[in-house]
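What follows is a set of notes on a single structure, which appears directly below.
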Amino acid sequence: MGDKGSDWNTHYRLRALRNLLGTLPDPSAPLPKPKRKPKTNRAKRLKDDQVAKLCRAYKAGTSRRQLAEDFGIAPKTVTAILRRQGVKTRWRKLADTDVDEAERLYAQGMSLARVGERLGVTDCAVRYQLRKRGIRMRDSHGRE
């Protein structure tokens, strides 16, 4: 290796440094404007006339889920808007006959989501009612 140590092959290092300096921008040039990134996860804000239309449609019987689809917002947002506007929300409660049907369908192997779709409620509502009756939930990952 020789006695030059770290100074070995200085021509190569000098050439690499010149190449690097050639790629850097001119320090006296103005800085480029930063690119604007699109905003993500930002809630869509409805205009006043859209909020009024949403409230009228809900009072006429349209479901939260359908309104969410129509206005391009989440069902939770529909509920929040209705609460802010003082609209009394309706909840679909499962009757005992519906819970009996849910129990039968779940025992046949149907998923909570499918049972909920058939009964017109969420899978969480079905799970709540079945657990209230003491039904043991299946492991969704098949580990049992």
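Of all non-hydrogen atoms in Ala68 and Ala74, the two that sit nearest each other are CB-C, 3.8 Å. Contact between Lys88 and Tyr58 at its shortest, heavy atoms only, is O-CE2, 3.8 Å. Taking both residues in full, the closest heavy atoms of Arg136 and Tyr106 are given as O-CE2, 4.0 Å, listed atom of the first, atom of the second, then distance.
Under the 4.5 Å side-chain heavy-atom criterion for grouping Ile, Leu, Val, Met, Phe, Trp and Tyr, Met137 is connected to Val99 within one hydrophobic cluster.
Between Arg118 atom CZ and Met110 atom CE the span is 4.0 Å, to the nearest 0.5 Å. Atom CG of Leu67 is separated from atom OG1 of Thr77 by 12.0 Å, given to the nearest 0.5 angstrom. In this structure, the separation between CG on Leu94 and CD on Glu101 is 11.0 Å, given to the nearest 0.5 Å. In this structure, the separation between CG on Leu112 and CD on Glu117 is 11.5 Å, given to the nearest 0.5 Å.
Shown here is Asp48, whose CG atom has no more than 12 heavy atoms of other residues, nucleotides or ligands within 6.0 Å. Around CZ of Arg104, the count of heavy atoms belonging to other residues, nucleotides or ligands within 6.0 Å exceeds 12.
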Table please: side-chain donor-acceptor pairs of residues 119-131 below 3.5 Å, with sequence neighbours left out.
unit_1, atom_1, unit_2, atom_2, d
Thr122, OG1, Ala125, N, 3.2

- Item | Residue pair Arg13, Thr10: steps toward the side chain to side chain contact (heavy atoms under 4.5 Å, CB included) verdict | CA-CA 5 Å; Arg13 289 184 179 188; Thr10 55; 5.5 Å; no
- Quick one: do Arg64 and Thr89 satisfy side chain to side chain contact (heavy atoms under 4.5 Å, CB included)? Show the steps, please. CA-CA 9 Å; Arg64 285 182 328 119; Thr89 55; 5.6 Å; no
- Quick one: do Leu54 and Thr62 satisfy side chain to side chain contact (heavy atoms under 4.5 Å, CB included)? Show the steps, please. CA-CA 9 Å; Leu54 183 141; Thr62 309; over 6 Å; no
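Salt-bridge check for Arg133 with Asp100: passed, with a basic side-chain N closer than 4.0 Å to an acidic carboxylate O.
Between Arg56 and Lys59 the shortest side-chain heavy-atom distance does not fall below 4.5 Å.
A donor-acceptor distance shorter than 3.5 angstrom exists from the side chain of Gln50 to the backbone of Lys47, with no hydrogens or angles considered.
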